[in-house]
Amino acid sequence: METKILDELFTKIADATKVVDVAYHEIADGKLNPIHKTDTSLLGIETWKKEHKKNPVYIEHTAILQEIVTEKKTIVIMDTHSDSRSANEFFFFGIESIMIIPVIQNNTVVGIIVVPSIKSPHFFTQKEIETCIELVNHYMPKYFESFHSVNDGKKNRIADGILSFLKQNGVDFVFGVPAGTVSPIFDAMNDIDIKPVITKNEAGAAYMAARYASVSKKLGVCIGAGGVGVNNMINGIADAMRAKSPVLVISGYVNRKYIGKGALQELDTEHILKPITKYSKTILDEKCVLSELEKAVRMALTPPCGPVHLSIPLDIQLSERFEDIPGKVTIPQKDYRDSIADLNKAVSVISKEKFGIIMVGKGCRGLSKEVMELSEHLQWPIIVTPEGKGVVPGTFPLNLGTYGYCGSDAAAQYVESDLATCILILGSSLGECSTCNFSDSLVRGRKSIHVDLDNRELSKVFNTDININCDIKDAIAFILNNTPKSANHFERPSLNPPYIKNHEGLSIRLFIEQITKILPSNTFYLSDLGEYMNFVFKYLELPEGSDFEINLNYAAMGSSLAGAIGVHYAYKNRPVAVFAGDGSFYMNGSEIITAMEYNLPIIYFIVNNAMLAYVEHGHQFLYGRVLDGFKTRRISIADMMNSIGVKSISIDKTEDIHKIKDFIAVIDGPRVIELVTDGSEKAPIMDRLKALK
């Protein structure tokens with residue numbers, strides 16, 4: 001809450017003066033104590049705090065500060081180089097002009113608001129000065145009132161410090177299930193502007209945090225009790241690990257004096273989670289909670305990203321805060337010049353190869369424009385991995401569709417042909433699902449170049465000719481700037497053969513092909529795990545402006561049913577739609593109730609074929625027989641959802657798909673569309689089944 005008030009003040013001062021760097025220093029112990037500032041490219045919060053800590057500014061040694069404290073007046077210096085009052089610190093930080101406004105409380109200067117123009121001078125007009133003083137006098141009493149209300153008595157707790165740190169690192173909400181051992185953290189949300197999203201199961205909370213982090217590249221946070229709560233989260237944490245999603249898992253632990261005595265829900269979660277996190281630690285010293293938190297968040301956000309876990313005993317959460325709240329975590333970007341030799345090798349090869357393929361993986365998320373520009377420049381067609389689906393619109397004329405499990409016929413045929421003499425692999429781990437069971441068809445007989453920010457992925461599956469460990473955006477820019485524009489013109493063939501009815505009832509293929517014409521063009525689609533996802537990979541042609549998400553590498557059923565809520569919070573102004581099956585619904589469908597309780601406009605398409613279809617058809621193919629338990633009694637999911645207040649309809653005929661448009665015309669909460677089938681439509685699942693032989 002405190003930093004939110006300061007941020008509002010800083011924004012209004014910046015609007016009034018057009019000076020983007022604004023800071024607040026508290027005056028304590030005879031020196032400046034840096035509290036908060038705008039985080040800019042000129043001067044970041046972390047650098048600012050670090051330098052002030054290293055070189056403290058004492059009032060008695062700084063004439064300009066003595067004048068401000070004594071006379072309680074605002075001082076403006078238009079040119080620091082020609083004003084005798086300028087302090088050494090001005091030149092250290094590159095300050096050309098500065099306005100310093102005293103913060104007065106009980107007739108005493110208790111701090112200063114600093115408005116420095118860095119690297120270029122600024123002439124502060126009288127109107128700007130008066131406006132800024134009025135703003136300071138208006139906002140700072142609110143700041144002090146908020147600060148004291150948060151920190152009176154019991155409220156100066158480590159739990160409050162944890163949330164304050166998360167807030168200044170861009171965390172606006174956390175996913176979780178309250179419990180006794182994390183109750184102080186949930187209580188602190190009454191005072192700090194972070195919203196709790198209370199889920200139906202800790203597994204759902206972890207999936208939500210993982211999907212939020214995966215699509216936004218920001219820190220996702222989930223909170224739950226130690227022991228049972230964390231164990232419920234394990235699948236979601238593992239999902240985040242395989243997806244390289246920056247997730248912070250906070251779990252409670254029993255009071256330190258009860259450890260080892262068999263306290264309720266006591267369990268060593270630190271070591272349970274070590275194999276599926278980048279960092280897992282139980283904190284037993286109240287003096288290092290915030291420094292450990294800063295370390296964990298930094299590790300989560302440092303590529304290759306991943307989940308981290310901190311277990312914090314209840315009595316520590318309630319303890320008085322000893323440490324200063326660390327500054328905002330910033331992660332330096334890898335310098336592409338470290339890979340300049342490999343980039344030059346790649347450019348040399350690409351320039352000589354007339355025909356090639358660009359393979360686009362999930363690591364290209366957010367680089368649609370750059371990837372398409374490169375494809376057009378080289379006239380090399382694109383194939384996308386199942387997890388890379390959505391990076392390039394299906395309508396892009398050089399997009400051959402998905403390659404790998406359930407890929408398009410056009411992509412498979414082009415890879416198998418000998419036309420392309422080079423493959424450029426961007427942001428793919430080349431896992432089983434992306435390579436048709438690790439088939440070397442991708443690289444056999446052609447030059448291979450692999451670009452990935454995660455060095456562990458290079459030459460892990462195939463011995464590629466050139467490996468480039470750098471940011472994919474930088475690599476694309478380098479290739480564009482250093483290769484000639486191709487005079488070729490690639491003509492895309494039909495992606496797949498036309499539909500032929502070979503089944504009873506509703507066609508999942510035709511539904512997938514038609515749904516993008518019904519939903520808004522900027523819809524964010526997710527697929528859960530089940531036989532239907534094969535239709536999604538092969539036949540879902542995503543329009544420009546849409547996107548797609550699945551974690552096929554970990555392949556946890558129910559992950560996207562819950563994860564869709566995380567995607568909604570990442571992109572609140574975009575429609576979100578989920579493809580799932582009845583098997584996934586029974587595993588994690590309770591989180592649709594969470595969507596209902598928070599009025600989230602998420603559309604759930606649930607394929608109800610009353611069976612574990614992948615298992616049923618897989619066993620029939622592999623062993624020529626099945627077990628009775630693979631099929632289940634059909635239950636109306638639409639009726640079930642309607643009975644609890646989630647608006648739902650059921651469709652069992654392809655010709656009724658048009659009804660969806662009116663059903664979703666106005667959405668004030670989740671909608672469930674049950675697709676009733678008998679499972680007789682053959683799905684393109686043979687790649688997976690062959691891998692199991």
Side-chain angles (χ1 to χ4, degrees), residues 350 353-361 364 368-369 371-426 428 430 433-437 439-449 485-502 507-517 521 525 533-544 546 548 681-687 690:
I350 291 169
E353 304 298 326
K354 189 175 182 181
F355 299 105
I357 312 169
I358 301 174
M359 186 178 200
V360 174
C364 294
S368 300
K369 178 177 176 291
V371 168
M372 290 189 288
E373 185 179 357
L374 179 63
S375 176
E376 289 178 326
H377 176 79
L378 299 175
Q379 282 298 298
W380 288 11
I382 288 169
I383 58 175
V384 297
T385 68
E387 290 199 345
K389 191 175 183 70
V391 171
V392 180
T395 52
F396 181 62
L398 287 119
N399 184 0
L400 291 176
T402 308
Y403 180 79
Y405 281 175
C406 351
S408 74
D409 287 22
Q413 289 163 9
Y414 194 78
V415 169
E416 293 294 335
S417 75
D418 58 5
L419 184 61
T421 57
C422 183
I423 182 166
L424 175 61
I425 303 160
L426 301 176
S428 172
L430 297 175
C433 303
S434 303
T435 58
C436 298
N437 309 322
S439 168
D440 67 353
S441 298
L442 278 168
V443 298
R444 188 174 61 241
R446 53 176 62 107
K447 295 284 187 181
S448 54
I449 304 165
K485 183 175 177 61
S486 175
N488 296 331
H489 178 70
F490 180 83
E491 288 288 340
R492 180 171 76 164
S494 297
L495 297 188
N496 295 298
Y499 167 78
I500 299 175
K501 185 169 183 178
N502 59 357
S507 168
I508 299 300
R509 171 180 174 173
L510 292 180
F511 168 78
I512 294 294
E513 289 179 337
Q514 294 177 33
I515 196 61
T516 55
K517 300 176 180 64
S521 60
Y525 296 89
M533 73 181 181
N534 299 280
F535 290 103
V536 172
F537 293 143
K538 193 173 183 72
Y539 299 116
L540 182 67
E541 188 172 288
L542 293 162
E544 187 172 357
S546 64
F548 180 79
E681 184 177 18
K682 290 186 177 180
I685 61 176
M686 294 311 295
D687 284 330
K690 289 174 183 176

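We count residues from 1, following the sequence as given.
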Exercise. Which residues pass the salt bridge (charged side-chain N to carboxylate O under 4.0 Å, His left out) test with E513, sequence neighbours left out?
Worked result: R509

Exercise. Is there a donor-acceptor pair closer than 3.5 Å between any side-chain N or O of E681 and the backbone N or O of I508?
Worked result: yes

For this session: Verify, without hydrogens or angle tests, whether S375 (side chain) and M372 (backbone) share a donor-acceptor contact under 3.5 angstrom.
Result: no

Exercise. Can you find a heavy atom in the side chain of Y525 that is under 4.5 Å from one in the side chain of L542?
Worked result: yes

Problem set entry | Closest contact, heavy atoms only, R446 versus A420 | NE-O, 3.0 Å

For this session: Run the numbers on L442 and I383 for side chain to side chain contact (heavy atoms under 4.5 Å, CB included), then give the verdict.
Result: CA-CA 11 Å; L442 278 168; I383 58 175; 3.9 Å; yes

Problem set entry | Nearest heavy-atom neighbours spanning T385 and S428 | CG2-OG, 3.7 Å

Problem set entry | Rounded distance [0.5 Å steps], CD in E373 versus CG in L378 | 10.5 Å

Problem set entry | Where Y403 and P386 come nearest, the two heavy atoms and their spacing | O-CD, 3.4 Å

Problem set entry | Single hit among I357, V360, L426 for side-chain contact (heavy atoms from CB on, under 4.5 Å) with I382 | V360

Exercise. If you look at every heavy atom in S448 and V443, which pair is closest and at what distance?
Worked result: CB-CG1, 3.9 Å

Problem set entry | Euclidean distance, L424 CG relative to E353 CD, rounded to 0.5 Å | 12.0 Å

Seminar exercise, completed: Of all heavy-atom pairs linking S408 and L400, the shortest is OG-O, 2.5 Å

Exercise. For P497 and D409, which heavy atoms make the closest approach, and how far apart are they?
Worked result: CD-OD2, 3.2 Å

Exercise. What is the distance from atom CG of N502 to atom OG of S507, rounded to the nearest 0.5 Å?
Worked result: 8.5 Å

Problem set entry | Donor-acceptor contact present, side-chain K389 to main-chain L540, <3.5 Å | yes

Problem set entry | OG-OH distance between S434 and Y405, expressed to the nearest 0.5 angstrom | 9.5 Å

Exercise. Within a strict 4.5 Å, meaning less than it, do heavy atoms of the F537 and F548 side chains meet?
Worked result: yes

Seminar exercise, completed: The complete set of salt bridge (charged side-chain N to carboxylate O under 4.0 Å, His left out) pairs with one or both residues in residues 412-426, sequence neighbours excluded, reads none

Seminar exercise, completed: T395 meets the side chain to side chain donor-acceptor pair (under 3.5 Å) criterion, sequence neighbours left out, with none

For this session: Measure the shortest side-chain to side-chain distance between S486 and W380 over non-hydrogen atoms and say whether it is less than 4.5 angstrom.
Result: no

Exercise. Rounded to the nearest 0.5 Å, how far does CE of M359 lie from OG1 of T435?
Worked result: 7.0 Å

Exercise. Sub-3.5 Å donor-acceptor pair from the side chain of N399 to the main-chain atoms of P393, do we have one?
Worked result: yes

Exercise. Do S368 and V391 have side-chain heavy atoms sitting under 4.5 Å apart?
Worked result: yes

Problem set entry | Side chain to side chain, L398 and Q379, heavy atoms closer than 4.5 Å | yes

Problem set entry | Side-chain donor/acceptor of T402 to backbone N/O of K538, under 3.5 Å | no

